[in-house]
2 protein chains.
Amino acid sequence: MKILLAQINPTVGALAHNRDMIIGIIREHSKDADIIVFPELALTGYPPGDLLLESHFIQQVENSLTDILGAVTSTVVILGTIRRSGRQLFNSAAILQGKKIIGFRDKTLLPTYDVFDEDRYFTPAVIVENITLTISGQAVKLGIEICEDLWDREYPQKVSSELFSMGADMVINISASPYCVGKFNERLRLVTEKVAIGKKWFLYCNLVGAQDELIFDGRSFAVNPDGALTIAAKQFDTDMLWVDTKASYPHSVPSFNYWEEEVFSALTLGVRDYFRKTGFKTAILGLSGGIDSALTCAIAANALGAENVMGISMPSPYSSGHSILDARQLAGQLGILFYEMRIDCINRQFLEALDPVFADTPSGLAEENLQARIRGNILMAVANKIHGLVLNTGNKTEVALGYCTLYGDMCGAIGVISDLNKVQVYQISRWYNASRKQEVIPESTLNKPPSAELKPDQVDPFDYDEVSPLVDEIINDHRHLNYLVQKGYDETLARDMLEAIRMNEYKRRQAAPGLKVSAKAFGLGRRYPIVNGFKD
Amino acid sequence: MKILLAQINPTVGALAHNRDMIIGIIREHSKDADIIVFPELALTGYPPGDLLLESHFIQQVENSLTDILGAVTSTVVILGTIRRSGRQLFNSAAILQGKKIIGFRDKTLLPTYDVFDEDRYFTPAVIVENITLTISGQAVKLGIEICEDLWDREYPQKVSSELFSMGADMVINISASPYCVGKFNERLRLVTEKVAIGKKWFLYCNLVGAQDELIFDGRSFAVNPDGALTIAAKQFDTDMLWVDTKASYPHSVPSFNYWEEEVFSALTLGVRDYFRKTGFKTAILGLSGGIDSALTCAIAANALGAENVMGISMPSPYSSGHSILDARQLAGQLGILFYEMRIDCINRQFLEALDPVFADTPSGLAEENLQARIRGNILMAVANKIHGLVLNTGNKTEVALGYCTLYGDMCGAIGVISDLNKVQVYQISRWYNASRKQEVIPESTLNKPPSAELKPDQVDPFDYDEVSPLVDEIINDHRHLNYLVQKGYDETLARDMLEAIRMNEYKRRQAAPGLKVSAKAFGLGRRYPIVNGFKD
């Protein structure tokens with residue numbers, strides 16, 4: 001059998017666009033394929049969120065499915081979409097052949113944790129069963145499952161095993177599985193486990209493309225009855241992956257050499273899709289001469305083209321000379337647009353206007369935040385003027401601790417590196433320079449002590465080598481004080497970090513959505529109260 | 001029997017505080033009560049969100065429950081808390097008597113829609129059954145259910161009816177039911193329906209207090225076996241409601257005379273609790289002379305005391321003379337602190353700095369937003385300086401349409417009137433003046449055409465009498481274009497509004513949390529994608 005895994009990049013809600021893309025692929029490839037497989041909710045895009053509560057939206061999805069039928073020949077099409085039955089909605093795979101809907105297979109396990117809200121919208125499948133299809137005159141028993149149905153460790157029901165035990169000749173999983181570092185290996189391990197039981201082909205077709213905070217990395221693949229990975233599609237790009245169950249495959253599938261490259265590619269896709277899908281071309285960001293804005297800028301240039309990126313240096317009296325030079329050097333190396341706009345005079349005027357309240361008070365946080373917000377205002381003004389979007393440059397460590405200014409450096413349409421801790425920011429920056437075989441990000445940026453430069457001689461009050469992993473343990477693994485102290489972290493430091501994370505929830509609630517690349521990112525998948533009296 | 005419904009206001013996560021409050025009530029009232037009832041999740045506060053994913057938090061809740069046991073005499077205590085069993089977590093009522101846990105009753109129906117995420121955390125009850133208790137030597141069969149168990153219309157399982165049919169002598173519902181206009185009548189109607197079947201007492205004990213966006217209005221009540229409402233607790237305040245099943249009650253329960261008064265009281269509680277529970281005293285807000293900031297200011301003064309509210313007028317060359325006068329008059333009437341800080345010079349300095357990009361471009365949205373963001377920066381600077389919080393003054397209509405500036409007038413810790421449409425803002429303002437028997441909010445503010453005053457002679461480009469209800473139909477009721485046109489709305493207008501709502505999701509994602517008073521508010525309970533290609 002020849003099966004095409006159509007790893008496509010639909011846009012949430014863009015039904016006509018998605019439909020036409022699906023029809024195009026069916027038309028182009030039906031003559032060569034026995035089965036064409038599309039990812040989970042390929043027709044609606046994933047995740048459609050509360051669009052699923054609109055009956056009018058559901059109606060139009062159903063209409064689009066009918067339109068697609070017209071293109072379907074004797075080649076079987078398996079397409080992720082929704083199915084309505086009375087007041088119930090299912091996350092479903094439509095099985096199409098000869099201009100007809102042959103059947104549906106509904107998702108059994110509905111993830112309702114982290115970034116997933118499927119219980120909010122869907123009813124789980126009532127039965128699990130294979131579907132028998134006639135392909136080139138032969139009866140083939142297909143097990144079709146959807147995404148979470150594979151991730152059954154926490155559930156009593158084991159969908160893949162049931163399908164195999166009921167005699168599936170092959171299991172096909174259609175997914176919209178968001179990326180995080182190492183996710184592909186997890187998927188492969190799970191599929192390999194299932195094949196060890198079923199001893200049949202297992203095909204995995206994943207969505208690709210970014211949607212708000214989520215990056216779907218594609219990387220569809222096939223495991224043969226011996227449990228070997230035979231072939232895999234591109235990661236972070238659309239791809240048409242042909243699986244021929246009669247062919248023999250070389251046992252080597254290329255992948256990225258460095259995790260830094262993988263993450264850089266993920267964020268590139270995240271930025272590119274956010275702009276493309278919202279109809280924007282130009283990114284604006286503040287270049288402080290520091291590492292966060294430098295890496296963000298490199299990613300933006302890679303995603304959008306240097307000619308579509310504008311960096312703005314906004315020095316104040318507290319900015320060091322090297323900051324401005326580093327910013328300028330980076331911009332020159334990348335070939336982006338670059339402006340310098342000093343904020344001294346604006347700042348002075350603010351302090352004059354604020355004098356009725358500020359007079360005779362010591363300079364402090366208010367004066368520091370003021371500068372950050374002036375910079376935010378400049379970036380937004382430029383973005384509004386040239387119809388661009390501001391990129392947020394905050395990293396996960398500072399967002400966790402609230403070491404950032406709401407409406408100031410927290411401005412932006414999308415957080416590019418907000419799910420990377422400060423240590424990872426350095427690692428990826430160093431990999432980036434190495435991969436480009438030149439000092440694109442200035443050595444001075446890489447080597448100077450990090451500083452917000454909001455008051456004289458300020459440097460960040462953290463040892464990031466200690467604080468970044470500590471914060472990750474708290475955020476990613478829900479670690480509490482006793483555990484952290486037992487693990488060897490300083491008790492006062494751990495207590496301060498726990499408290500800072502708790503106290504700054506209010507800032508994150510108003511933060512730009514940030515691209516998720518770790519197992520636990522801020523935003524959609526982490527839902528803490530702002531008013532929160534829990535002290536560990 | 002004498003039953004005390006302890007309508008308390010716990011703080012999410014503040015376990016020691018909540019525990020001590022609960023112990024205090026048990027100690028004070030056990031001698032007079034046969035049963036003391038606390039609301040749903042009274043020990044943790046509601047909703048605890050992802051705190052429930054921390055094993056350390058769960059452990060401390062369990063410890064707190066053990067602490068409470070020490071205070072429990074022969075008086076039965078029914079307390080909303082969580083119950084852990086292996087890896088499963090239940091939203092539960094602990095039944096305590098004589099320093100022991102007599103049993104638990106778990107929540108059966110777990111709401112996972114609108115603002116609720118209970119499937120994310122909880123497992124539903126495995127069995128529904130009554131519990132037989134010995135009270136003053138007599139056996140009493142109690143049906144205990146939790147919040148959503150009453151709201152069974154959309155579920156196949158009917159918990160209240162099951163409890164009655166299994167012989168409950170009385171059903172007690174413990175709730176954390178968020179307020180929206182008219183919610184009490186809905187609760188009463190449901191309970192009355194159940195009593196019509198069961199013909200026994202039904203007691204409803206609700207949480208009171210605000211938590212982030214949600215306002216719990218209390219208003220606990222009892223319906224007797226004849227189906228009559230006998231007595232109800234205060235709305236929007238803590239209360240100890242005594243129900244004596246032997247007593248006769250006058251058939252009249254006081255309530256608010258006007259819906260405007262009810263909403264004003266709800267928002268007062270929302271603001272007061274946000275400040276109290278986050279440890280802040282002082283509110284800062286911009287006073288434009290317009291109706292939104294005027295009403296917000298009146299609510300803040302009511303919630304926090306006029307001496308804790310600071311209004312700042314920030315005129316520009318486009319501000320009308322009456323704007324400044326109206327702002328000053330309002331501040332004087334309310335007796336709040338008042339400052340005037342002009343933004344002209346700051347604005348000029350910004351334009352000078354921006355000249356490299358702005359030169360030779362026509363003045364437009366960028367220049368308008370700039371002013372709004374200067375004002376946001378001033379408010380935040382003052383708040384940072386005096387350790388206060390900025391109140392956001394946006395209304396639901398403008399937030400829906402994106403007629404507001406991100407990081408500008410969208411600043412703030414909490415949105416006070418963000419769930420009121422523009423028409424409601426006027427109605428409540430007029431009621432407010434009438435109730436105070438004086439022109440606290442200036443007549444000029446009430447009567448002039450609304451304007452953002454960001455360019456010469458600007459007035460809001462909407463007829464709010466038409467647009468406000470139209471927007472509410474789209475937001476609150478998911479209405480689509482055809483429906484709206486059939487209902488008589490202008491097609492172009494309806495299309496524009498649908499499009500504006502869709503296109504401005506990105507602003508709302510970074511908006512301040514706003515107090516919910518309608519059936520469908522922005523924020524927690526409305527989850528639309530930002531990247532969204534769906535065109536109705």
Side-chain angles (χ1 to χ4, degrees), chain A residues 11-15 17 48-51 53-54 56-57 112-113 119-120 211-212 274 277-278 339 341-342 345-346 349-350 353-354 356-358 361 365-366 369-370 373 376-378 380-382 384-386 407 411 413 478 480 506 509-510 512-513 526-534 536, chain B residues 11-15 17 48-51 53-54 56-57 112-113 119-120 211-212 274 277-278 339 341-342 345-346 349-350 353-354 356-358 361 365-366 369-370 373 376-378 380-382 384-386 407 411 413 478 480 506 509-510 512-513 526-534 536:
Chain A
T11 297
V12 162
L15 298 178
H17 169 82
D50 279 7
L51 283 171
L53 306 180
E54 297 190 18
H56 195 59
F57 178 75
T112 303
Y113 56 82
D119 275 345
R120 183 175 169 93
Q211 168 65 28
D212 295 357
Y274 190 88
K277 293 180 177 182
T278 54
Y339 287 96
M341 301 181 182
R342 290 201 68 89
C345 299
I346 302 171
Q349 288 296 340
F350 264 110
L354 289 163
V357 175
F358 278 39
T361 65
L365 197 64
N369 284 335
L370 178 64
R373 293 195 182 104
N377 199 344
I378 288 177
M380 292 301 295
V382 171
N384 288 166
K385 180 58 79 178
I386 67 171
Y407 320 132
C411 276
H478 297 295
H480 57 82
Y506 80 97
R509 195 70 70 92
Q510 296 187 46
R526 190 175 179 277
R527 305 182 188 171
Y528 275 75
I530 295 176
V531 172
N532 175 5
F534 183 58
D536 189 349
Chain B
T11 298
V12 162
L15 298 179
H17 168 82
D50 279 8
L51 283 171
L53 306 179
E54 297 191 16
H56 195 58
F57 177 74
T112 303
Y113 57 82
D119 275 344
R120 184 176 169 94
Q211 168 65 29
D212 295 358
Y274 191 89
K277 293 179 178 182
T278 54
Y339 287 96
M341 300 181 183
R342 291 201 68 88
C345 299
I346 303 171
Q349 288 296 339
F350 264 109
L354 288 162
V357 175
F358 277 39
T361 65
L365 196 64
N369 284 335
L370 179 63
R373 293 195 183 105
N377 200 344
I378 288 178
M380 291 301 295
V382 171
N384 288 166
K385 179 58 78 178
I386 67 170
Y407 321 132
C411 276
H478 296 295
H480 58 80
Y506 79 97
R509 195 67 71 92
Q510 296 186 46
R526 190 173 179 280
R527 305 183 188 170
Y528 275 75
I530 295 176
V531 172
N532 175 5
F534 183 57
D536 189 349

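None of these values were measured; they are calculated from a predicted model. Note on naming: letters A, B, ... go to the chains in the order of the sequence lines (proteins, then strands), and numbering restarts at 1 for each one.
The candidate with the highest count of non-hydrogen atom pairs below 4.5 Å against chain B, out of A:T11, A:L51, A:L354, is A:L51. Among B:A413, B:P48, B:A14, the residue making the largest number of heavy-atom pairs under 4.5 Å with chain A is B:A14. Per-residue counts of heavy-atom pairs under 4.5 Å with chain B were compared for A:Y506, A:Y113, A:Y407; the largest is that of A:Y407. Chain A forms the most heavy-atom pairs under 4.5 Å with one residue out of B:R120, B:H480, B:M380, B:Q349, and that residue is B:R120. Between chain B and the options A:I346, A:L53, A:V12, heavy-atom pairs under 4.5 Å are most frequent for A:I346. Between chain B and the options A:T112, A:T278, A:V382, A:N369, the largest number of non-hydrogen pairs under 4.5 Å is found for A:T112. Between chain B and the residues A:G49, A:G376, A:C411, the largest count of heavy-atom pairs under 4.5 Å involves A:C411. Of all the listed residues (A:H17, A:K277, A:E54), the one sharing the greatest number of non-hydrogen pairs under 4.5 Å with chain B is A:E54.
For A:R509, the parts lying near chain B are the backbone and the side chain together; criterion is any non-hydrogen pair under 4.5 Å. When heavy atoms are compared at a cutoff of 4.5 Å, B:R527 approaches chain A by way of both its backbone and its side chain. Contacts between A:Y339 and chain B at a heavy-atom distance below 4.5 Å involve the side chain alone, from C-beta outward.
Taking NZ of A:K385 as the reference point, atom OG1 of B:T361 lies at 3.0 Å (rounded to 0.5 Å). Separating the CG atom in B:N532 from the CG atom in A:D50 is a distance of 11.0 Å, to the nearest 0.5 Å. To the nearest 0.5 angstrom, B:N384 atom CG is 9.0 Å from A:L370 atom CG.
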Item to complete: Start with the C-alpha gap between A:V531 and B:Y274, add the side-chain angles, then the distance that decides, and say whether side-chain contact (heavy atoms from CB on, under 4.5 Å) holds.
Response: CA-CA 7 Å; A:V531 172; B:Y274 191 89; 4.1 Å; yes

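The shortest non-hydrogen separation linking B:V357 to A:I386 is CG1-CG2, 3.9 Å. Between A:Q510 and B:P513 the shortest heavy-atom distance is NE2-CD, 4.0 Å. Of all heavy-atom pairs between A:A366 and B:A381, the closest is CB-O, 3.7 Å. Residues A:P529 and B:Q211 come closest through the heavy atom pair CB-NE2, 3.3 Å.
At least one donor-acceptor pair closer than 3.5 Å links the side chain of A:D212 to the backbone N or O of B:I530.
The ring pair (Phe, Tyr, Trp, His ring centres under 6.0 Å) search around B:F534 returns A:F57, not counting sequence neighbours. With sequence neighbours excluded, no residue satisfies ring pair (Phe, Tyr, Trp, His ring centres under 6.0 Å) with B:H478.
Between B:F350 and A:F350, the two ring planes are perpendicular [angle over 60°; tilted spans 30° to 60°].
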